[in-house]
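Below is one structure; the comments refer to it alone.
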Amino acid sequence: MKSNLLVASHAFAVFVALTCPPSPAQGARDQAVEVELHSEPAPPTGATGPDWLLDGADYGAGLWFHSPDPTAPAGSLAAAGARSLDNGLVRRTWLAGDSGACVELQNLTTGETLLRAVQPEARLLLDGEEVRLGGLVGQPNRAFLLDEWLEDGTLAADPGAWVVKRTADDRIEERAPRTPWKRVRHHAPDVVWPPQGAYYAVTFVPPAGTAAAERFRGVEVTVHYELYDGLPLFSKWLTLDNAGERAIELDRVTVEELSIVEGSNWVETRGSLRQPAPAGLHVETDYAFGGFVPENAMRQTVHWRPEPEFTSQVNYRLETPCRLVVEPTYGPDVILQPGGSFESMRAFELLMDSTDRERRGLARRRMLRTIAPWVTENPLMLHVVSTDPDTVRTAIDQAADCGFELVSLSFGSGLNMEDTSAANHAKFRQLASYAADRGVALGGYSLLASRRIQPDSDNAINKETGEPGGSTFGFAPALASDWGQAYFAALRAFFEETGFLQFTHDGSYPGDTDAAARPPLQRGFDDSQWVQWNVIRDFYHFLRERGVYLRVPDYYYLSGANECGMGYREVNWSLPRAQQVIHTRQNIYDGTWTKTPSMGWMFVPLTQYHGGGAAATIEPLDQHRDHYERMLQSNLALGVQAVYRGFRLFDTEATRAVVKRNVDWYKAHRDILESDVVHGRRADGRGLDWMLHVNPALDECGMLVVFNPLDHEVTKTLRVPLYYTGLDRMAMVRSADGPLPLELAYVQDFDIEISSAASTQDPIVEWGWPIARDYTLDLPVTVPAGGMAWYSFSKP
């Protein structure tokens, strides 16, 4: 029925275009404007059900048991049966029996099989000895994996690998969430935590009667998997339990190793060029630091490596990056005492169903909304550069008046969370209470990395020199040092004593190694990265459990952070104001390919920042109200919160009206503005730039925001891509002036009738806009000079 509706909608649009000449006024307007085209990807060609990015309700995850094949030869792997995690979008299958080998990783939307060869389910280095968990040997060609090799005995269980002892399964939502999340503020209305889906675990032990069984008596390694409802996403991690009588050393751990179908056929590599990794799989881990984007933050855990034993690959030197290895670069080098346990970082594996940049970005952002839903919190926040109580109280009063939800004592304010004195706690507890009474939360700032502390021995020690220095930001405090432990104890006490509900943690732990032994936490270089990451992760979990909104200029979303920088050059905020506006929208356009709007903050220098003088700042606010409004709109209309940094939000009633008008509009459309985005035209100062917010789960399922950087009004027809709004045949369109009329009316039962908008009182007939077969709508827009216009789309 849906396809018939689409055909009918398209037929209507074509009929109108061919048979209905425009009115004289309409014809003149069409001749005066240009239609801006925007291509929109169709759903994946292999899709047989609803597009999961529009509606994932039909794709519930489950564990499926495949009975042994009675026709398979006795003793063959196929005769043992198999188990699969499957949600209708993706499937991962393991053989039953001792090997527990993964023999299938399939994207069911595209029909693609990603796995071309079998690897162990995980690898460990225990007491210096390599341990392989499961797997198969004997594959004659690693370019593809044939069922017949499983059936005829070509492949056999790895005789040197640990074997399956038991399996378990459950629903994810019945298990304890990996991260606490206390919900104290507005977030996306449809998020669920913990996420729903299917859980599967396989426990491996050394084969009975072997030297390993005696050496590692009482040691078990469990491989955990989750598959989530409604999206093509797996996660995987390991736990190791030592129920033996002696301590063991876990030197290394490989959480995942997959032989993936190669992403290119480069025969050779010349110069500094690097071959592309396979595009069908995007991988992230919660062991992430040292970057604004996952490509940097995952460099120490997600590795695409060559597979030399894959001798039939095209690359002459056998260097195609087609073996996914998820493991820490260093360590963890953990000592497990008898009765001790270890849990690895978690890998998240998203199977991609398209090469289109927009769809891939939407998939990645949906993944983060699912496995880190706190990123959908998006409070309006004023950053105050003072701790003077009168100044702070004034800022709180103005925030409450204008609808801002947080006031943060910014860098340069004089706040010192490391001061554990009763007087310091009392001062800020009183201010936090004053804010809470007015419906505003109070927060603040602390710097961790990029500072040199005393004594020098409490800084991270360079392995090569034996001295401090040479870290990511030059010098770095060692988190396992006496200073580091005192620092985190002081911060925990500050939040417990004051009731602050926001934290900006500047220079978070960027992944520095530390060559010093720091008992009892750290043994030396090899375990230093693992130990320090656990310190920072545990602190962020503490804040997440208290409902603290956490801004971190690093990729800590999967460890509890709400927000990272959208991505901007700080000194650009010292450029002239008009240039800052263009940079704002450029940075947001670029940052939201991988971040949702709520995941990245921007900047609005109410007072001077990095120089620039009067030409760069907004103060005095009343003198620059037009620019102030452009900056408010450039952020809020794109669903992004900025660091509004200064002493106040307004200085006159006219300025107050500007702030309040824009905040009120934002809150009236908050759910759609904080939803995902489709990229339209990037700002360049030469013409209209625009983006489209989309969320098919909302009644207001789309919001087009259009900006005009020019000094004159512009009218243009934009071809708006509405596929990801979920609208497929008709759209109700509204703007700041109310519903937009359409002279060509849509009538029931797909009949076509030409009528004037003024001749009917039926709002559906008057204001329904037909959507073309390619899910686009040609919309005339008019944007004032230097201004913004918005157009809301909803279901008829």
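Just so it is clear, the model here is predicted, and its values are computed rather than measured.
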Given side chains that start at C-beta, do those of [X] and [Y] come closer than 4.5 Å, heavy atoms only?
X: R551; Y: N562; result: no
X: L133; Y: L124; result: yes
X: L105; Y: L351; result: yes
X: E319; Y: R274; result: no
X: F310; Y: E262; result: yes
X: I248; Y: V219; result: yes

Atom [atom1] of [X] and atom [atom2] of [Y]: how far apart are they, to the nearest 0.5 Å?
X: S344; Y: E256; atom1: OG; atom2: CD; value: 10.5 Å
X: W304; Y: R323; atom1: CH2; atom2: CZ; value: 11.0 Å
X: R123; Y: W162; atom1: CZ; atom2: CH2; value: 14.5 Å
X: R360; Y: M352; atom1: CZ; atom2: CE; value: 4.5 Å
X: E121; Y: Q119; atom1: CD; atom2: CD; value: 10.0 Å

query = Just wondering, more than 12 heavy atoms not from Y330 lying within 6.0 Å of its OH?
reply = no
Salt bridge between [X] and [Y], side-chain N to carboxylate O under 4.0 Å?
X: D229; Y: R171; value: yes
X: E545; Y: R492; value: no
X: R215; Y: E129; value: yes
X: E268; Y: R317; value: no
X: E349; Y: K236; value: no
X: E220; Y: R166; value: yes
X: R364; Y: E295; value: yes
X: R116; Y: E307; value: yes
X: R246; Y: D127; value: yes

ask   = With sequence neighbours excluded, what pairs up with Y316 under the side-chain contact (heavy atoms from CB on, under 4.5 Å) test?
value = none
Closest non-hydrogen atom pair, [X] against [Y]:
X: A198; Y: L85; answer: CB-CD2, 3.8 Å
X: L336; Y: L240; answer: CD2-CD2, 3.3 Å
X: L273; Y: T269; answer: O-CG2, 3.0 Å
X: T370; Y: R366; answer: OG1-O, 2.9 Å
X: Q300; Y: A288; answer: NE2-CA, 3.8 Å
X: C102; Y: L115; answer: O-CD2, 3.5 Å

query = Should the pair W530 and F342 be assigned to parallel (<30°), tilted (30 to 60°) or perpendicular (>60°) ring geometry?
reply = tilted
ask   = What class does the angle between the rings of F289 and Y287 fall in, given that below 30° is parallel, 30 to 60° is tilted and above 60° is perpendicular?
value = perpendicular
ask   = Hey, do the aromatic rings of Y199 and Y225 have their centres closer than 6.0 Å?
value = no
Test ring-ring contact (aromatic ring centres under 6.0 Å, His included) applied to Y555 and Y557, step by step = CA-CA 6 Å; Y555 202 88; Y557 302 113; 4.9 Å; yes
message = Side chains of S559 and D286: any donor to acceptor distance under 3.5 Å?
response = no
Geometric cation-pi criterion R346 and W237, 6.0 Å radius, 45° cone = yes
